[in-house]
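Residue numbers count from 1 along this sequence.
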Amino acid sequence: MSVVKSTLPEADLKVVGEALQGALVDLVDLSLVAKQVHWNVIGPRFRSVHLQLDEVVGTARLHSDSVAERASALGVNPDGRSASVARATAIREVPSGWIKDVDAVRILVDALGVVVGRMRERIQATADPDPVSQDIIIGLTADLEKHAWMFQAESE
């Protein structure tokens, strides 16, 4: 039972709630992956990759808050707990230990590709039931695609 009552019909709320929860999981995991790589990157391009990773973390954290607050506003409980994120993520696990700069770039290209692909599915899913949530997902996808472009430009 929700304390917050949504103006969306129940069927639409289910679709939108799932899209927002999925987006939250992807953003939380992306921020964790980028930070883990940030702490362990080594190599000649260390500084530029290190700084670029923090930009991804900032973007993911900013948008995760927007997504979670949108879910709450609709009466959907956002779940960013580590166990929930681990169960639902589609991003590959980051290897332990030091990560060469070229591998760091590859890890982020892959992670961003997965997340952007899933966000684009959510854009389609939320188009009819809730254009407001769709707009939030469109905006964050644009930011993630910019990061994806910049990491792809770094790859060899």
Side-chain angles (χ1 to χ4, degrees), residues 12-43 45-74 76-95 99-156:
D12 290 349
L13 184 60
K14 182 178 182 339
V15 169
V16 174
E18 288 173 1
L20 292 170
Q21 178 59 35
L24 178 61
V25 162
D26 285 348
L27 291 166
V28 169
D29 199 31
L30 180 61
S31 73
L32 294 171
V33 164
K35 196 49 115 165
Q36 181 65 26
V37 175
H38 167 89
W39 292 324
N40 289 286
V41 66
I42 57 171
R45 296 184 307 174
F46 162 81
R47 182 158 173 74
S48 64
V49 173
H50 182 78
L51 294 173
Q52 197 173 354
L53 287 161
D54 257 350
E55 292 174 9
V56 172
V57 171
T59 296
R61 288 180 178 168
L62 173 72
H63 288 297
S64 65
D65 196 48
S66 296
V67 165
E69 289 178 356
R70 177 65 183 159
S72 292
L74 293 173
V76 175
N77 295 107
D79 187 355
R81 296 173 299 162
S82 58
S84 299
V85 172
R87 263 193 312 275
T89 189
I91 301 173
R92 279 192 232 142
E93 186 175 349
V94 175
I99 301 171
K100 292 182 181 179
D101 50 9
V102 294
D103 294 330
V105 169
R106 181 192 44 76
I107 289 167
L108 262 292
V109 167
D110 291 347
L112 285 161
V114 166
V115 172
V116 165
R118 288 168 49 121
M119 292 300 178
R120 287 198 159 273
E121 291 171 6
R122 293 177 186 116
I123 289 169
Q124 294 301 316
T126 56
D128 290 330
D130 187 24
V132 176
S133 294
Q134 182 197 42
D135 187 56
I136 291 169
I137 297 169
I138 288 170
L140 72 88
T141 302
D143 287 349
L144 294 177
E145 286 178 336
K146 182 176 179 182
H147 288 299
W149 158 54
M150 293 198 170
F151 273 101
Q152 288 175 39
E154 287 266 347
S155 63
E156 297 177 324

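A distance of 11.5 Å separates CG in D29 from OG in S64, rounded to the nearest 0.5 Å. Rounded to the nearest 0.5 angstrom, H50 NE2 and R45 CZ are separated by 15.0 Å. Interatomic distance, E18 CD to R122 CZ, rounded to the nearest 0.5 Å: 10.5 Å. Here OG1 of T59 is found 3.0 Å from NE2 of H147. Values are rounded to the nearest 0.5 Å. Once rounded to the nearest 0.5 Å, the distance linking CG of L27 with OG of S66 reads 9.5 Å. The distance from atom OG1 of T89 to atom CG of L30, rounded to the nearest 0.5 Å, is 9.0 Å.
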Which atom pairs, donor and acceptor, lie under 3.5 Å between side-chain atoms of residues 135-143 and protein residues at least two apart or in another chain?
from : atom 1 : to   : atom 2 : distance (Å)
T141 : OG1    : I137 : O      : 2.7
D143 : OD2    : H63  : NE2    : 2.7

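Looking at every heavy atom in both residues, G43 comes nearest to D101 through C-OD2, 3.4 Å. In plain terms, the two heavy atoms of V56 and F151 that are nearest each other are CG2-CE1, 3.6 Å. Pairing each heavy atom of V85 with each of G80, the nearest pair is CG2-O, 3.8 Å. The two residues P78 and A68 make their nearest non-hydrogen contact at CG-O, 3.6 Å. Across all their heavy atoms, L20 and S133 have their closest contact at CD1-OG, 3.8 Å. Nearest approach of A23 to V67, heavy atoms of both residues: CB-CG1, 4.1 Å.
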Using salt bridge (charged side-chain N to carboxylate O under 4.0 Å, His left out), reason through E145 and R120 one step at a time and then give a plain yes or no. CA-CA 11 Å; E145 286 178 336; R120 287 198 159 273; 2.8 Å; yes

Evaluate V115 against R118 for side chain to side chain contact (heavy atoms under 4.5 Å, CB included), listing each step before the verdict. CA-CA 5 Å; V115 172; R118 288 168 49 121; 5.9 Å; no

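A donor-acceptor pair under 3.5 Å is formed between the side chain of Q21 and the backbone N or O of D79. Proximity of a side-chain donor or acceptor of Q134 to a complementary backbone N or O of I123 within less than 3.5 Å is detected.
Between R106 and V102, every side-chain heavy-atom pair lies at or beyond the 4.5 Å cut-off. Side-chain contact check for I107 versus P95: some heavy-atom pair is nearer than 4.5 Å.
With respect to R61 and D65, no salt bridge is recorded, no charged nitrogen being found less than 4.0 Å from a carboxylate O.
Annotation: side-chain contact (heavy atoms from CB on, under 4.5 Å) contacts of W39 (sequence neighbours excluded): K35, Q36. Partners of A104 according to the side-chain contact (heavy atoms from CB on, under 4.5 Å) rule, which considers only residues two or more places apart in sequence or in another chain, are V37, V41, V49, I99.
A side chain to side chain contact (heavy atoms under 4.5 Å, CB included) with V33 is found for exactly one of V57, L53, I91, namely I91.
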